[in-house]
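Below: the structure, in structure tokens.
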Amino acid sequence: MDTLDAPPPTAFKAHPLLIPKILSLVIDNLLPRHVPSLLCVCKTWHRLLEPLLWRSLTLHHEPCNSQPRQATPTLLLRNRHHIRHLCEIGGTNSLLKFLAFSAQKHPFEMRLESIQCTKLSSDILMIVRQSINTLVSFRCRSNRLEKKGGQSQALLYRQLFSILEMAPALKELAFGPVVLLDPIEDMLAKVSGRLERLEMNRVKHAAQVLPSVPVPTAIGDRVVAMTAATAATTLLQERDKREQKQLLQEEQQREVLMLESFSKLKSLSLIWNDFPDGFQLNLIRRSPKLESITWRRNTQVLTHAWLHQTLPIPENLTYLDIGHSHMDDDKIAQLLSMLPQLTGLCVRSTPFGDMSSMQLITHQAGQLEELDMVDCEQIHGGWIDYMLTVMPKLRVFAVTELKARHMRQSSWLDPIPYAEAPEGLRNLTAELIATTSMATTATAVSGPASSAITMIGPECNQIQPRQWVCLGLESLELTITELNLGGDVLTSEKALGTFYNQLALLAQLQVLTLCENIQPYEGKLFMIDLRLEHGLAKLAGLKRLRKLNMTGLRAAMDEEEVKWMAREWPALEEVCGRLCHCLDDDKLATLEGTLTRLRPDIVVKRA
């Protein structure tokens with residue numbers, strides 16, 4: 001046979017999953033917990049997946065051989081150019097020194113985009129300096145103010161703002177608690193033109209230290225001491241006058257310089273800061289593009305300025321957090337009437353009551369996406385269930401008290417007695433019926449505030465709601481009360497079944513926090529125990545659930561429930577609380593070991 005007629009040799013065809021372009025598309029859809037095991041497939045996968053493994057680095061205040069295992073210095077130095085997000089938790093970590101030294105020795109290999117730490121240090125400053133061209137977010141937040149080394153922290157913050165002044169891509173800055181030495185206006189002026197998100201939590205100014213007058217020890221020195229004290233007081237008064245005049249001039253100059261400072265700021269969080277009220281109001285006045293405001297401490301100042309139109313409300317404002325304030329219910333209602341475009345509201349631990357609830361349902365029910373009403377003691381349980389039936393766009397919802405009987409009536413379409421409904425809900429019912437010119441018989445009411453409601457007028461003594469319409473909920477925090485409905489086991493079982501039926505509809509749920517506040521009735525105690533035979537099996541459709549917090553439940557799970565949870569919830573990453581509320585710690589440890597063995601990626605926390 002002629003060699004010219006021979007067929008050409010078969011060309012080598014690589015496996016599709018070994019082609020870098022195809023593999024990169026697969027990597028984009030991987031979960032982080034899958035990366036370590038996939039690194040061992042082959043060299044090609046290892047080369048392409050290793051940057052993804054090192055993209056986010058978390059350093060704990062523990063040695064390298066602790067649990068969870070941390071990177072060794074050798075691995076850290078070899079892969080430092082892959083790190084984009086650095087998070088330091090619990091204090092200075094020994095690996096920070098290696099990272100800071102490598103950043104100083106090889107300045108062009110660090111390209112961090114975000115840095116998060118709990119305490120500012122010289123190592124952090126060195127890393128920030130070397131990543132100045134790519135840094136987008138910097139957060140230095142802790143839970144307490146350091147009493148020791150406060151002045152050194154203030155000096156480090158002075159250096160930090162000098163460095164961040166040269167960061168061209170900086171968009172997010174969060175810091176506190178800290179006591180600053182320099183005026184906050186001067187420090188913020190260095191970064192204000194580029195920021196889109198600013199958070200200051202428990203930030204204070206350093207107290208002015210006055211010169212002390214020596215205390216006399218001899219009786220003959222009293223006259224001299226009194227003269228010295230008088231002279232010192234006079235000098236202090238003259239100095240105070242000069243300083244006040246100088247501060248007034250400097251403040252007037254800063255007013256002119258910072259008039260258009262925060263032109264890009266979209267989110268502002270002011271939490272328990274020791275600032276003058278005028279300064280905080282000026283921050284809002286100088287931020288025309290604000291979309292989110294969190295204001296804690298002296299909330300009445302902000303409300304008074306808006307209600308009396310001395311401070312303009314930002315046109316793009318869609319989220320407001322006034323939690324832990326002492327405003328009256330009518331003031332909150334007036335404020336809500338001025339914010340018709342609101343899509344997110346946090347009124348945690350406030351006197352949020354009937355007037356505010358009716359205002360919220362009337363103006364923002366059809367567009368609200370986030371609502372936090374935890375520890376609002378004045379709100380009636382009927383309002384809570386009513387809101388869940390008229391807010392179809394809710395994604396985040398948190399509330400302290402939801403009575404089982406209200407949820408049972410909502411699901412079974414049993415009418416609520418008109419006399420038991422809150423006064424605002426009765427008034428709203430009457431207004432809706434009068435507006436639509438309907439009779440006082442059972443009538444379906446249409447409109448943005450009642451599209452999912454069937455109302456029955458006061459003459460029929462009934463208000464009849466429907467099922468929840470917020471099927472797009474992603475985060476839910478509930479505290480169920482009054483599950484022991486008159487001590488009737490059958491009625492309590494139906495209420496518990498209704499509770500599971502409502503949760504089963506929330507297929508988009510990712511974070512679920514459940515608590516119960518149940519008092520025994522005549523010695524009988526019926527509770528949410530998360531057992532399969534009591535309704536847990538109905539939640540098999542929550543495939544996107546990532547975090548389950550049941551610290552407030554008396555769960556009674558067994559090995560069957562643990563296996564079901566590991567099998568039916570593939571996206572689950574964290575479980576908080578006791579799987580079994582019993583005195584046998586060995587049984588609890590066995591259940592936690594079973595869950596960890598079936599799903600090593602799940603983090604189990606008892607408290």
Side-chain angles (χ1 to χ4, degrees), residues 87 89 114-120 137-147 150 153-154 157 160-161 164 170-180 182-185 187-188 191-192 195-207 261-262 265-287 290-306 311 313-314 317-327 331-332 335 339 342 344-352 370-376 396 398 475 477:
C87 180
I89 300 176
S114 68
I115 298 176
Q116 181 177 352
C117 59
T118 55
K119 184 178 181 181
L120 203 58
S137 172
F138 181 84
R139 297 178 59 86
C140 184
R141 289 282 294 106
S142 61
N143 296 327
R144 65 184 186 276
L145 179 64
E146 294 288 342
K147 296 183 179 180
Q153 283 289 301
Y157 268 95
L160 172 67
F161 277 88
L164 294 179
L170 186 66
K171 295 182 180 180
E172 180 182 6
L173 176 62
F175 61 97
V178 65
V179 179
L180 299 177
D182 300 330
I184 185 63
E185 299 91 338
M187 302 183 74
L188 291 180
V191 296
S192 58
L195 289 181
E196 295 183 3
R197 187 181 185 278
L198 175 62
E199 177 183 344
M200 294 184 287
N201 192 325
R202 288 172 288 175
V203 180
K204 302 181 180 181
H205 291 285
S261 297
F262 298 89
L265 195 64
K266 297 181 180 180
S267 177
L268 177 63
S269 298
L270 303 173
I271 304 175
W272 305 109
N273 297 306
D274 190 15
F275 297 148
D277 297 331
F279 168 74
Q280 298 194 138
L281 294 177
N282 284 334
L283 281 179
I284 298 178
R285 183 178 289 110
R286 296 164 184 159
S287 308
L290 272 180
E291 299 177 359
S292 172
I293 295 179
T294 299
W295 185 297
R296 305 279 176 85
R297 193 174 188 174
N298 293 339
T299 315
Q300 297 88 343
V301 175
L302 176 64
T303 308
H304 183 273
W306 277 349
L311 176 68
I313 298 178
L317 185 63
T318 57
Y319 180 83
L320 180 63
D321 184 349
I322 52 174
H324 303 276
S325 64
H326 300 284
M327 299 169 54
K331 295 293 184 182
I332 300 178
L335 188 60
L339 301 172
L342 207 63
L345 178 65
C346 176
V347 288
R348 181 181 292 246
S349 299
T350 63
F352 191 89
E370 300 182 25
L371 182 57
D372 188 341
M373 299 186 299
V374 173
D375 295 334
C376 293
V396 179
S475 177
E477 180 180 350

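The first residue of the sequence shown is numbered 1, and numbering continues consecutively from there.
Across Gly176 and Tyr157, no two heavy atoms sit closer than the pair N-OH, 3.9 Å. Listed here is the closest heavy atom pair of Ile89 and Cys87: CG1-SG, 3.7 Å.
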*Would Leu188 and Leu198 count as a side chain to side chain contact (heavy atoms under 4.5 Å, CB included) if you check the C-alpha gap in whole Å, the side-chain angles of each, and the deciding distance to 0.1 Å?*
CA-CA 10 Å; Leu188 291 180; Leu198 175 62; 4.3 Å; yes

*Candidate pair Trp295 and Leu281, rule side chain to side chain contact (heavy atoms under 4.5 Å, CB included), full reasoning*: CA-CA 10 Å; Trp295 185 297; Leu281 294 177; 3.7 Å; yes

*For Leu120 and Val178, run side chain to side chain contact (heavy atoms under 4.5 Å, CB included): C-alpha distance rounded to whole Å, both residues' side-chain angles, the deciding distance at 0.1 Å, then the answer.*
CA-CA 10 Å; Leu120 203 58; Val178 65; over 6 Å; no

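Scored by the side chain to side chain contact (heavy atoms under 4.5 Å, CB included) test, Glu291 finds Lys266, Asn316, Thr318 as partners (sequence neighbours excluded). Qualifying side chain to side chain donor-acceptor pair (under 3.5 Å) partners for Asn201, counting only residues two or more places apart in sequence or in other chains: none. Evaluation of the side chain to side chain donor-acceptor pair (under 3.5 Å) rule for Arg141 yields Glu199 as partners, not counting sequence neighbours. Under the side chain to side chain donor-acceptor pair (under 3.5 Å) criterion, Ser267 pairs with no residue, sequence neighbours left out. Under the side chain to side chain contact (heavy atoms under 4.5 Å, CB included) criterion, Pro351 pairs with Gln378, sequence neighbours left out. Take Ser475 and apply the side chain to side chain contact (heavy atoms under 4.5 Å, CB included) test, not counting sequence neighbours, and it matches Val396, Val511. Ser349 is linked by a side chain to side chain contact (heavy atoms under 4.5 Å, CB included) to His324, Asp375, counting only residues two or more places apart in sequence or in another chain. Looking at residues two or more places apart in sequence or on another chain, you find a side chain to side chain donor-acceptor pair (under 3.5 Å) between Ser137 and Glu172.
Counting only heavy atoms from C-beta outward, the side chains of Leu339 and Leu345 never approach each other to under 4.5 Å. Phe138 places a side-chain heavy atom less than 4.5 Å from the side chain of Leu160. Under the 4.5 Å side-chain criterion, counting only non-hydrogen atoms from C-beta, Ile293 is not in contact with Leu270. Between Thr294 and Tyr319 there is a side-chain heavy-atom pair separated by less than 4.5 Å.
In this pair, Phe161 and Phe175 present their aromatic rings perpendicular. The plane angle is above 60°, beyond the 30 to 60° band.
To the nearest 0.5 angstrom, Gln153 atom CD is 8.0 Å from Ser142 atom OG. Rounding to the nearest 0.5 Å gives a distance of 9.5 Å between CE of Met187 and CG of Leu173. The distance from atom CD1 of Ile332 to atom CD1 of Ile322, rounded to the nearest 0.5 Å, is 5.0 Å. Taking CZ of Arg197 as the reference point, atom CG of Leu265 lies at 10.0 Å (rounded to 0.5 Å). The structure places CG of Leu290 at 7.0 Å from CD1 of Ile284, a figure rounded to the nearest 0.5 Å.
Looking at Glu370, its side chain never comes within 3.5 Å of a backbone N or O of Cys346 through a donor-acceptor pair.
Within the structure, salt bridge (charged side-chain N to carboxylate O under 4.0 Å, His left out) contacts touching residues 292-301 (residues at least two apart or in different chains) are Arg296-Asp321.
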Only pairs under 3.5 Å count here: list side-chain donor-acceptor contacts from residues 273-280, not counting sequence neighbours, and write none if there are none.
{"from": "Asn273", "atom 1": "OD1", "to": "Arg202", "atom 2": "N", "distance (Å)": "3.1"}
{"from": "Asn273", "atom 1": "OD1", "to": "Val203", "atom 2": "N", "distance (Å)": "2.9"}
{"from": "Asn273", "atom 1": "ND2", "to": "Met200", "atom 2": "O", "distance (Å)": "2.9"}
{"from": "Asp277", "atom 1": "OD1", "to": "Asn298", "atom 2": "ND2", "distance (Å)": "3.4"}

